[in-house]
Amino acid sequence: MESPKITRALISVSDKIGVASFAKALTGAGIEIYSTGGTKTHLEKEGVPVKDVSGYTNFPEMMGGRLKTLHPKIHGGILCRRDNLGDMNALVENGILTFELVVVNLYPFEATVARENVTEEEAIENIDIGGPSMIRAAAKNHQFVTIVTSQEQYPAVLQQIQKTGRTTLQLRQSLARDAFTMTGHYDNAISRYFNELLHGEDFPETITVKLRRTSVLRYGENPHQQAAVYADQHSTTANVIAARQLNGKEFSYNNLLDLDSALSIVRAFSKPAVAVMKHNNPCGCGVAEEIADALKKGLDGDPLSAFGSVLGFNRPVDKASAELLAAPGLFIEAIVAPSFDVEAVKILTTKPKWAANVRLLQVGDLDRKLPKWTLRPIEGGALFQEADTAKDDEEQWTVVTEKKPDASLMDDLRFAWEMVRHVKSNAIVLTKDEMLLGAGAGQMSRIDSVEIALKKAGSRAKGSVMGSDAFFPFPDSIERVAEFGIAAVIQPGGSKKDGDVIDCCNKFGIPMLLTGKRHFKH
């Protein structure tokens with residue numbers, strides 16, 4: 001059976017952006033419009049002829065608007081199967097009109113409960129009942145009914161109506177899928193609200209994650225793996241998926257992982273900072289009073305590894321930084337930053353040999369709230385944990401050695417302790433003057449990580465400080481770094497051999513702080 005011509009539309013929307021123009025176009029196509037409450041008032045004000053739902057159902061709106069469209073004359077006209085004789089006879093017998101187009105979006109529940117000091121009464125009144133009922137009815141009957149739930153869908157629907165007076169089954173199926181996705185997410189948001197209301201910060205019994213595909217990537221971690229990017233449309237944090245790309249070819253799977261890690265590092269510092277990422281670990285990082293100086297520190301940390309790296313800035317990329325990056329012999333894959341100065345964009349997109357391909361990603365304000373939880377898929381399910389983003393309380397730190405670190409060493413120890421949480425465990429970092437000199441990442445033994453960090457730092461290791469993401473099981477790491485003149489150590493402590501490690505530090509006159517908190521990153 002051919003899909004029915006659209007003759008009648010039911011419009012009831014909370015978000016009224018664009019709906020008047022859409023309704024005017026529908027009227028121009030000969031479609032009769034029915035509406036309720038605020039939507040009806042809005043359309044009439046904009047000069048759109050509208051028929052009143054209450055006048056049609058002969059049943060008034062009541063209970064402060066809670067009861068408007070929950071009526072057989074509404075749902076019968078949406079749910080009836082045009083190829084079912086019994087359904088069509090029921091319409092005639094009960095004076096029910098058909099609705100071939102339903103345009104509905106929902107009360108802003110999530111936006112309401114996201115406000116500070118929102119009352120439970122306000123939250124409850126923003127739970128939509130009639131809207132989801134009409135959406136689900138129309139989506140169920142998509143064989144005959146077109147369901148529109150977002151202003152982004154108006155153009156595609158209107159284009160087909162104006163061309164043929166109908167919509168295609170393929171479009172209606174797509175719109176039905178989006179409709180059920182939306183109502184599922186809406187119900188989950190309400191469930192989360194009640195879970196927090198009843199149980200505070202306890203882990204919910206179920207988690208529903210709504211992600212929308214934003215792009216299909218050329219491939220995943222390797223060329224034989226397919227991959228795509230999905231966005232959490234309700235995320236309020238600065239993130240690489242929602243950022244604006246200013247230049248360059250499309251991002252790869254690995255680019256996005258590195259950019260995300262770079263962003264997590266630089267947003268941890270209040271002073272200007274630049275992180276240099278390679279294979280999802282920092283090979284350089286610098287903090288300074290000016291962003292260009294921080295960049296120079298980051299690139300100088302491991303110049304060899306910086307070739308082909310991904311950079312993260314916590315300040316706008318300025319002309320001086322762009323000039324540094326355009327120097328001969330350097331190659332940068334991608335850069336993420338709050339913004340890019342006009343002069344910087346011009347330099348980066350014209351001067352280096354790699355200008356045409358470098359991805360420039362503008363992420364916006366980094367001061368937005370960080371996510372409290374992280375979700376990590378594993379085979380058969382997922383791991384859900386509190387994000388390791390909170391600053392550590394220095395009042396809990398303890399100097400356990402005879403020698404105490406001076407003020408200049410304390411600045412480097414703070415920097416090392418911040419850096420070590422961003423390196424894959426087992427993690428060791430060597431830092432000096434708020435600059436990463438060497439990192440040992442992801443090794444099976446801590447002494448191996450120490451050796452790698454020392455090799456990367458080379459002669460610069462003398463006078464630097466060492467940070468470790470977890471305790472030293474034996475004093476061998478201290479003995480090794482003492483040969484290179486390490487000035488101080490910061491680590492969580494908690495090993496059965498802490499006493500031996502402390503004695504070793506005292507033997508070599510190396511001050512050591514225990515923080516009491518581990519920062520594994522697997």
Side-chain angles (χ1 to χ4, degrees), residues 282 284-287 297 300-302 391-521:
C285 184
V287 169
K297 284 184 176 182
D300 289 346
D302 187 350
K391 290 287 186 182
D392 289 348
D393 183 2
E394 290 189 23
E395 292 186 1
Q396 304 300 315
W397 295 4
T398 306
V399 179
V400 292
T401 49
E402 295 167 359
K403 188 174 181 180
K404 312 299 180 187
D406 59 26
S408 62
L409 282 179
M410 282 302 302
D411 287 340
D412 282 333
L413 288 166
R414 291 186 185 96
F415 179 80
W417 190 240
E418 184 57 55
M419 283 304 307
V420 81
R421 76 164 77 192
H422 300 285
V423 178
K424 296 283 188 178
S425 57
N426 286 324
I428 294 290
V429 297
L430 299 178
T431 70
K432 186 177 181 181
D433 298 329
E434 295 183 304
M435 171 180 173
L436 179 63
L437 303 177
Q443 299 306 301
M444 283 65 76
S445 71
R446 194 154 297 276
I447 188 64
D448 286 341
S449 292
V450 169
E451 293 291 352
I452 293 171
L454 287 169
K455 180 180 178 182
K456 289 290 185 181
S459 61
R460 300 175 302 174
K462 185 175 182 179
S464 69
V465 305
M466 176 171 66
S468 174
D469 64 342
F471 62 67
F472 293 102
F474 306 102
D476 53 356
S477 294
I478 306 301
E479 292 170 348
R480 185 70 176 120
V481 297
E483 299 175 27
F484 287 77
I486 296 298
V489 176
I490 186 167
Q491 56 120 334
S495 168
K496 292 181 179 179
K497 299 283 187 176
D498 273 354
D500 293 344
V501 175
I502 293 168
D503 289 344
C504 189
C505 284
N506 286 330
K507 174 183 175 181
F508 293 106
I510 300 173
M512 183 168 67
L513 271 71
L514 300 186
T515 66
K517 182 181 285 188
R518 188 182 75 185
H519 283 298
F520 269 172
K521 182 184 180 184

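Index from 1, following the sequence. What you see is a predicted model; the values in this text were computed from it and never measured.
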In a table with atom names and distances, give each donor-acceptor pair under 3.5 Å that connects a side chain of residues 447-455 to protein atoms at least two apart or in another chain.
| from | atom 1 | to | atom 2 | distance (Å) |
| --- | --- | --- | --- | --- |
| D448 | OD2 | S445 | OG | 2.9 |
| S449 | OG | N426 | O | 2.9 |
| E451 | OE1 | R480 | NE | 3.2 |
| E451 | OE1 | R480 | NH2 | 3.4 |
| E451 | OE2 | R480 | NE | 2.7 |

Would you mind writing out the side-chain donor-acceptor pairs for residues 436-443 within the sub-3.5 Å range, not counting sequence neighbours?
| from | atom 1 | to | atom 2 | distance (Å) |
| --- | --- | --- | --- | --- |
| Q443 | NE2 | A441 | O | 2.9 |

Without placing hydrogens or testing angles, list every side-chain donor-acceptor pair under 3.5 Å for residues 488-496, not counting sequence neighbours.
| from | atom 1 | to | atom 2 | distance (Å) |
| --- | --- | --- | --- | --- |
| Q491 | OE1 | G493 | N | 2.7 |
| S495 | OG | F472 | O | 3.4 |
| S495 | OG | K497 | N | 2.9 |

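Residues F415 and C285 are in side-chain contact: their nearest non-hydrogen atoms beyond the backbone lie under 4.5 Å apart. The shortest distance between side-chain heavy atoms of K432 and R460 does not fall below 4.5 Å.
Across all non-hydrogen atoms, the minimal contact from A487 to G463 is CB-O, 3.6 Å. Residue V465 comes nearest to D412 through the heavy atom pair CG2-O, 3.5 Å, listed as atom of the first residue, atom of the second, then distance. Between L430 and A457 the shortest heavy-atom distance is CD1-CB, 3.9 Å. The two atoms that bring M466 and I486 nearest to each other are N-CG2, 4.0 Å, heavy atoms only. Nearest heavy atom pair, residue M435 against residue G301, reads CE-N, 3.6 Å.
Residues that satisfy the side-chain hydrogen bond (donor to acceptor under 3.5 Å, both in side chains) test with S468, not counting sequence neighbours, are R446. Listed by chain and number, the residues in a side-chain contact (heavy atoms from CB on, under 4.5 Å) with A427 are V420, V423, D469 (sequence neighbours excluded). Listed by chain and number, the residues in a salt bridge (Lys or Arg N to Asp or Glu O under 4.0 Å) with D503 amount to none (sequence neighbours excluded). Partners of K517 under the salt bridge (Lys or Arg N to Asp or Glu O under 4.0 Å) rule, at least two apart in sequence or in another chain, are D392. With sequence neighbours left out, the side-chain hydrogen bond (donor to acceptor under 3.5 Å, both in side chains) criterion links D406 to S408. Shown here are the salt bridge (Lys or Arg N to Asp or Glu O under 4.0 Å) partners of K391, two or more places apart in sequence or in another chain: E418. The side-chain hydrogen bond (donor to acceptor under 3.5 Å, both in side chains) check on N506 picks up nothing, with sequence neighbours excluded. Partners of K521 according to the salt bridge (Lys or Arg N to Asp or Glu O under 4.0 Å) rule, which considers only residues two or more places apart in sequence or in another chain, do not exist here.
Residue pairs meeting the ring pair (Phe, Tyr, Trp, His ring centres under 6.0 Å) criterion with at least one member in residues 496-521, sequence neighbours excluded, are W417-H519, F520-H522.
To the nearest 0.5 angstrom, I510 atom CD1 is 9.5 Å from T401 atom OG1. Separating the OG1 atom in T515 from the CG atom in D393 is a distance of 11.0 Å, to the nearest 0.5 Å. Residue D498 holds its CG atom at 6.0 Å from CG of L514, rounded to the nearest 0.5 Å. Interatomic distance, L413 CG to E394 CD, rounded to the nearest 0.5 Å: 9.5 Å. The SG atom of C504 lies 9.0 Å from the CG atom of D476; values are rounded to the nearest 0.5 Å.
Environment of NZ in K404: crowded, with over 12 heavy atoms of neighbouring residues, nucleotides or ligands closer than 6.0 Å.
Salt bridge D411/R414: present, at least one basic N to carboxylate O contact under 4.0 Å.
No donor-acceptor distance shorter than 3.5 angstrom exists from the side chain of K403 to the backbone of C505, with no hydrogens or angles considered.
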